[in-house]
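Report on one structure; see the data block that follows.
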Amino acid sequence: MVQTSTGRVSEARSRLLETATRIFYTEGIHAVGIDRIVAEAKVTRATLYRHFPSKEELVVAYLQAVSQLDRAQIDDAVTSGQPPTEIVRTVAKSITDGITSGHFRGCAFLNAVAEYPDAEHPVHKAVLAHREWFADTITSLFAQIGDTPPEPAARHFVMLRDGAMAAGCLTNPTQVGETFLRGVEGLLDFRTNA
């Protein structure tokens with residue numbers, strides 16, 4: 001991360017990342033060229049390459065920024081003092097809120113991995129790192145609920161989420177959100193009554 005002499009993150013870097021995030025999410029990664037990002041961020045190519053030596057590094061930074069937003073939101077829920085079942089519900093509600101928002105275009109990570117299927121590619125690895133963190137976080141929450149093994153419940157939650165993210169782009173997002181929340185309630189009922 002490039003910082004100014006006062007220790008702040010460069011304004012140009014922030015503009016580049018904000019612009020790339022908006023465009024990559026709404027239009028796709030391969031569909032967007034560097035020239036467009038430079039023009040919309042109102043920086044020079046040299047400035048872009050000073051902060052992000054390649055488009056690939058800009059894409060990874062975009063995914064890391066989205067991951068940080070997800071992590072902050074879930075960390076807020078985890079540190080809220082609520083019981084684990086309510087934290088899971090809060091996370092699920094947050095996912096549903098995203099799906100039903102007017103600007104929803106699917107999961108940024110699933111969208112990115114569809115464009116970068118090579119498991120050795122840095123973009124693919126960034127997606128997997130985020131998904132591993134998310135699965136570990138959900139597993140930890142389910143470990144605090146009920147007596148059955150948490151890993152299957154967490155895998156089920158992640159699969160429900162992935163399905164809701166895909167369906168939210170294809171059908172009625174409100175119905176998808178409601179179905180997702182019912183599925184999560186089913187997981188919680190099973191875990192607390194096991």
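FYI, side chains are in, hydrogens and waters are out, and symmetry mates aren't considered; it's all heavy atoms of this structure.
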Test F24 against I37 for side-chain contact (heavy atoms from CB on, under 4.5 Å), laying out the working first. CA-CA 10 Å; F24 287 159; I37 293 168; 3.6 Å; yes
Non-hydrogen side-chain atoms of F52 and T47 separated by less than 4.5 Å: no
Interatomic distance, S94 atom OG to D70 atom CG [nearest 0.5 angstrom]: 7.5 Å
Taken in chain and number order and not counting sequence neighbours, the residues that satisfy salt bridge (Lys or Arg N to Asp or Glu O under 4.0 Å) with R22 are E40
For H124 and D118, work out which heavy atoms get closest and say how close. CB-O, 3.1 Å
Indicate yes or no for a side-chain donor-acceptor contact from E115 to the backbone of I29 under 3.5 Å, with no hydrogens or angles considered. yes
Test item: E86 and S80 side chains (from C-beta on) under 4.5 Å apart, heavy atoms: no
Is there a side-chain contact between L58 and L17 in this structure, where contact means two heavy atoms from C-beta onward sitting under 4.5 Å apart? yes
Within 6.0 Å of NZ in K93, more than 12 heavy atoms from elsewhere: no
What's the shortest heavy-atom distance between T26 and R105, and which atoms? O-NH2, 2.7 Å
So do L160 and L187 actually touch side chain to side chain, heavy atoms under 4.5 Å? yes
Within a strict 4.5 Å, meaning less than it, do heavy atoms of the V88 and I145 side chains meet? yes
List the steps, then state whether salt bridge (charged side-chain N to carboxylate O under 4.0 Å, His left out) holds for R13 with E18. CA-CA 9 Å; R13 184 187 192 284; E18 288 168 11; over 6 Å; no
Side-chain donor/acceptor pairs under 3.5 Å, residues 133-143, sequence neighbours excluded:
unit_1 : atom_1 : unit_2 : atom_2 : d
W133   : NE1    : T137   : OG1    : 3.2
T137   : OG1    : W133   : O      : 2.8
T139   : OG1    : A135   : O      : 2.7

Spatial distance of atom OG1 (T100) from atom CZ (F180) [nearest 0.5 Å]: 11.5 Å
Tell me the closest heavy-atom pair linking G168 and F104, and the distance in Å. C-CE2, 3.9 Å
Between the CZ atom in R45 and the CD1 atom in I34, the distance rounded to the nearest 0.5 Å is 7.0 Å
For a 4.5 angstrom cut-off between non-hydrogen side-chain atoms, does R131 reach V158? yes
Distance-only, no hydrogens or angles: does the Y116 side chain make a donor-acceptor pair with backbone N or O of K125 under 3.5 Å? no
Working to the nearest 0.5 Å, report the span between CZ of R89 and OG1 of T96. 13.0 Å
Can you name the nearest heavy-atom pair linking V60 to A126, along with the distance? CG1-CB, 4.3 Å
For a quick test of your reading: what N or O donor-acceptor pairs under 3.5 Å do the side chains of residues 61-68 make, sequence neighbours left out?
unit_1 : atom_1 : unit_2 : atom_2 : d
S67    : OG     : R71    : NE     : 3.1
S67    : OG     : H130   : ND1    : 2.8

Kindly say whether R15 contributes a backbone atom to a donor-acceptor pair with the side chain of T19 at under 3.5 angstrom? yes
Minimum heavy-atom separation for Q82 and A77, please, with both atom names. NE2-O, 4.0 Å
If I take atom CE from residue M165 and atom CG from residue L170, how far apart are they, to the nearest 0.5 angstrom? 13.5 Å
All heavy atoms of H51 vs all of A12, minimum pair found to be NE2-CB, 4.1 Å
